[in-house]
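We name chains A, B, ... by the order of the sequence lines, and we start the count at 1 in each one. Both backbone and side-chain heavy atoms feed into the values below; hydrogens, waters and symmetry mates do not.
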Amino acid sequence: MTESMKQSATTNRRPVAGHPSDESLALFMRGALPRDEARDVVRHLLSGCGACRKTTGAWWPSELTRDREAGKVVPFEERERTPSPDYQPMFSRVARTLAERERDFAAERRATPDLRTELIELSHTERLERVASDARFASWALVESLLEESREHASGQPADAVALAELATAISERLDEGRYSAAAVHDLRARAWGQLGSSLRIQNRVWDAQKALDTARQHLERGSGDPAERCRLLVLQAALYGELKRFDEAFALLDRVIGLAERCGEEHLRGSALIRKARLAAQRDDQETAVELLRQGVALIDPDEDPRLVLVAGHNLVHMLADTGRYREARERLDETRALHLQFGGRIDHVRFRWLEAKVYQGLGWLEQAAELYEEVRHAFIEEGLGYDVALVSLELAAVHSQEGKHPEVRRLAEEMLPLFSSQKAHQEALAALLFFRDAARKEAATVPLIREVADYLRRWRSNPGLRFRGGDARC
Amino acid sequence: MTIPETRTTTQSISEVLVNVRPALERVLGSYDVPPEDAEDVLQDTYLTLLYKWEKVQCPEAWLIGTLRKKCIMYWRKRRKRIIDAMDAAILELLSEPERPSQERQDLGRDFDRVLGRLPERCQKLLRLRYGLGLGPSEVAVEMGYQPSSIRKITSRCLTVLSRELAAVGFLEREHD
């Protein structure tokens, strides 16, 4: 029974002495009766008045109903249909409102660059104060723009990414729910808090990250229910679990995302979840699974939606193929990855790509080309003052020279590497590893296994600075 | 039944709305949303799409799915308003000290009669809530529930009570 039919069924009834009027009952069942009157209605219903209970029963809000014969719950859409009310005029009104809002939103987007310029000149604290006191900044488009920039800064400048996401959350909390629609605003707030959580995770502030993700989830519960929003948050939560080495929980969340995204036809989202899974598999030292997942993920992600992800995933796939000895396949993907770097990458990204290229060539046995590229990369890192990367790429180059029997070259690299690395406040253990390598190079005893041992130690040392170097196992 | 097509880059939001309108009308109709409230529900859905336009891959499917969820949420909210009003009114009625004793007795008897028709678990919980005036955490302790789950259980029992009072008919069985 539709609301209007229920209404017509009751409006003809008379208020009987001692009974609430039909209007009162109707208002009560819409939750719109003043408190005192509501109390009287409930008292009357408690007395078990059949006539009034019949009226309120007709006003009870629609819900899943149970089919007595079949003994199962019947979804709304399978219930016996009554003729639909006329929604025609309402659709026209809503379309007009939407057209107005569309124009307003376009204007808001045009105003965003000027608002950004005003904020750029301020310190972080001043920005937060300004957006809290000036209503012009309560803009959806501004929040989106800040979130996009925060994402772009996430890997290169994590502190900036956090600051931008904090600003975005502050503005999102001030958005007018009436103007934008409450559900949409909560979705955006969830996105802003999610981005803040993600940036904090990259800064290794895992507990703050978890708090931000919890806030995001609370907003999501009040949002539109869009599965894509839910999936995005689950991906971020999985990333945090991965960081905390809670791999099983992370995998379970990502499997949920993959299932949801598949049902909703969200291919990009499915792809990014697969890529995230690949990263976790790699962290677990399951390179074979990682390669397979990454391959599937790369095929699904959309460059327009997240160019950085396409670049990183493509790059990592080549890297993993090389790590698992599939150099030919890795080489086949180099051209495509190079194009991605040229289109979407920064200078350092490109240097890292050249490094990867060198690694593939080395694996294929093209030592001359590999050495040339390693040298190029090494110089680029020296220019950038990236001591740790200089050390690593120098070791790779030293391995090539050692393979070719060019011991003086190996020694030159070993001597040059130390001052560059020690200027970076390096840990004693890492320095000890490089000293060990230098001493071996001086004695022309820096074999490929020895060099690899030092390089492996440096890689592990970076994520575990307390790790001790027990050099010499590979000496032969 | 056709599957909505994936958005092409040239399709505008107004074109999408025209295409999907009959399907949206069917959704509203199947959920019995009254036209006076349907306007808010629909407007909320449209505006959400507007602000997410760049992110939504298939606007038609998104609109239908989101409107469906909003219809369910609409009825859920409507039910919650009634249940909250019933709950507040019963709490007030049973705690009025100035009520004459005969009236208090009548009220107590009526209340017991209604409670007697509810599942045992709800009877116990609601007596603790209304009769002894215990708060949710105290009720949880008394009944041996986790404080985290008591809200959900209380909400279920209040729903059962409200349905009973409003004579909705078929009483959903509450399992202990």
Side-chain angles (χ1 to χ4, degrees), chain A residues 1-4 28-31 33 35 38-39 41-43 45-48 50 53-54 56-57 59-63 65-66 68 76-77 79 81-82 84-87 90-91 93-95 97-99 101-102 105 140 180-184 187-188 224-228 264-268, chain B residues 6 13-14 17 21 24-26 28-32 34-39 42-48 50-52 55-58 61-62 65-66 69-73 75-76 78-79 81-82 84-86 88-90 92-93 106-107 110-111 113-114 163 165-170 172:
Chain A
M1 187 186 278
T2 66
E3 202 81 354
S4 56
F28 175 74
M29 293 306 281
R30 288 183 64 85
L33 196 64
R35 200 172 163 148
R39 198 180 48 199
V41 167
V42 172
R43 176 65 192 94
L45 292 174
L46 275 168
S47 74
R53 291 174 80 215
K54 198 173 169 190
T56 52
W59 280 92
W60 182 263
S62 298
E63 61 186 320
T65 53
R66 207 172 282 264
R68 281 167 188 267
F76 282 106
E77 289 129 300
R79 291 174 309 165
R81 297 279 167 78
T82 51
S84 294
D86 183 14
Y87 293 116
M90 176 205 72
F91 266 93
R93 280 197 300 276
V94 174
T97 308
L98 184 71
R101 295 289 173 90
E102 208 176 347
F105 193 43
W140 178 292
Y180 293 107
S181 124
D187 281 354
L188 184 64
S224 66
D226 184 350
C264 304
E266 293 270 358
E267 295 291 86
H268 176 80
Chain B
T6 302
I13 192 163
S14 46
L17 298 183
R21 184 168 157 169
L24 297 182
E25 279 194 51
R26 278 198 299 277
L28 288 169
S30 71
Y31 283 88
D32 281 349
E36 64 272 23
D37 295 331
E39 186 158 346
L42 187 69
Q43 184 162 303
D44 210 35
T45 309
Y46 274 13
L47 288 177
T48 307
L50 169 65
Y51 300 122
K52 291 183 172 199
K55 292 194 180 298
V56 174
Q57 283 192 356
C58 181
W62 186 93
T66 304
K69 276 187 221 93
K70 281 186 184 294
C71 290
I72 293 171
M73 281 160 76
W75 285 117
R76 208 175 278 165
R78 286 270 309 258
R79 277 195 297 280
R81 280 210 295 268
I82 298 171
D84 287 348
M86 295 255 192
I90 295 173
E92 276 186 30
L93 284 166
D106 290 347
L107 178 65
D110 286 345
F111 183 63
R113 187 175 38 76
V114 173
R163 287 175 59 98
L165 279 177
V168 177
F170 178 55
E172 204 170 320

Between chain A and each of B:M73, B:R113, B:K70, count heavy-atom pairs under 4.5 Å; write down the option with the most.
B:R113
Most contact-rich option vs chain A, by heavy-atom pairs under 4.5 angstrom, among B:I90, B:T48, B:D84, is B:T48
Residues A:Y87 and B:E25: closest non-hydrogen pair is CE1-O, 4.0 Å
If one checks every heavy atom of A:F105 against chain B at 4.5 Å, the contacting part turns out to be side chain
Does any backbone or side-chain atom of B:L42 lie under 4.5 Å from a heavy atom of chain A? Answer side chain, backbone, both or neither.
both
Identify the two heavy atoms, one from B:T66 and one from A:S224, that lie closest to each other, and give their separation to 0.1 Å.
CG2-O, 4.1 Å
Do you know the tightest heavy-atom contact between B:R78 and A:M29?
NH2-O, 3.9 Å
Counterpart residues, ring-ring contact (aromatic ring centres under 6.0 Å, His included), relative to B:F111 (two or more places apart)
B:Y130
Could you grab the distance from atom CE of B:M86 to atom CZ of A:R39, nearest 0.5 Å is fine?
15.5 Å
Mind running side-chain contact (heavy atoms from CB on, under 4.5 Å) on A:D187 and B:Y51 for me, showing each step along the way?
CA-CA 10 Å; A:D187 281 354; B:Y51 300 122; over 6 Å; no
From CA spacing to verdict: side-chain contact (heavy atoms from CB on, under 4.5 Å), A:L46, B:L93:
CA-CA 11 Å; A:L46 275 168; B:L93 284 166; 4.2 Å; yes
Tell me, for A:A182 versus chain B, whether the close heavy atoms (under 4.5 Å) come from the side chain, the backbone, both or neither.
backbone
What are the two closest heavy atoms between B:A89 and A:A38, and how far apart are they?
CB-O, 4.2 Å
Beyond-backbone contact of A:W140 with B:L50, side-chain heavy atoms, under 4.5 angstrom:
no
Picking from A:L33, A:L98, A:L45, A:T97, which has the most non-hydrogen pairs under 4.5 angstrom with chain B?
A:L98
Measuring from atom CG of A:L188 to atom NZ of B:K52, what distance do you get when rounded to the nearest 0.5 angstrom?
9.0 Å
Winner by heavy-atom pair count (cut-off under 4.5 Å) against chain B, out of A:G48, A:A99, A:S47, A:P227:
A:S47
Below 4.5 Å from any heavy atom of chain B, which atoms of A:A228 appear? Answer side chain, backbone, both or neither.
neither
Would you call A:T56 and B:I82 a side-chain contact if the rule is heavy atoms closer than 4.5 Å?
no
Between A:M90 and B:E39, the two heavy atoms sitting closest are SD-N, 3.3 Å
Taking the side chain as everything from C-beta on, heavy atoms only, tell me whether A:R43 gets closer than 4.5 Å to B:D106.
yes
List the steps and the verdict of side-chain hydrogen bond (donor to acceptor under 3.5 Å, both in side chains) for B:D44 and A:S181.
CA-CA 5 Å; B:D44 210 35; A:S181 124; 2.9 Å; yes
Begin with the C-alpha distance, continue with both residues' side-chain angles, and end with the deciding distance and a verdict on side-chain contact (heavy atoms from CB on, under 4.5 Å) for A:V42 and B:E92.
CA-CA 11 Å; A:V42 172; B:E92 276 186 30; over 6 Å; no
Of the non-hydrogen atoms in B:I13 and A:E102, which two are nearest, and what is the gap between them?
CG2-OE2, 2.9 Å
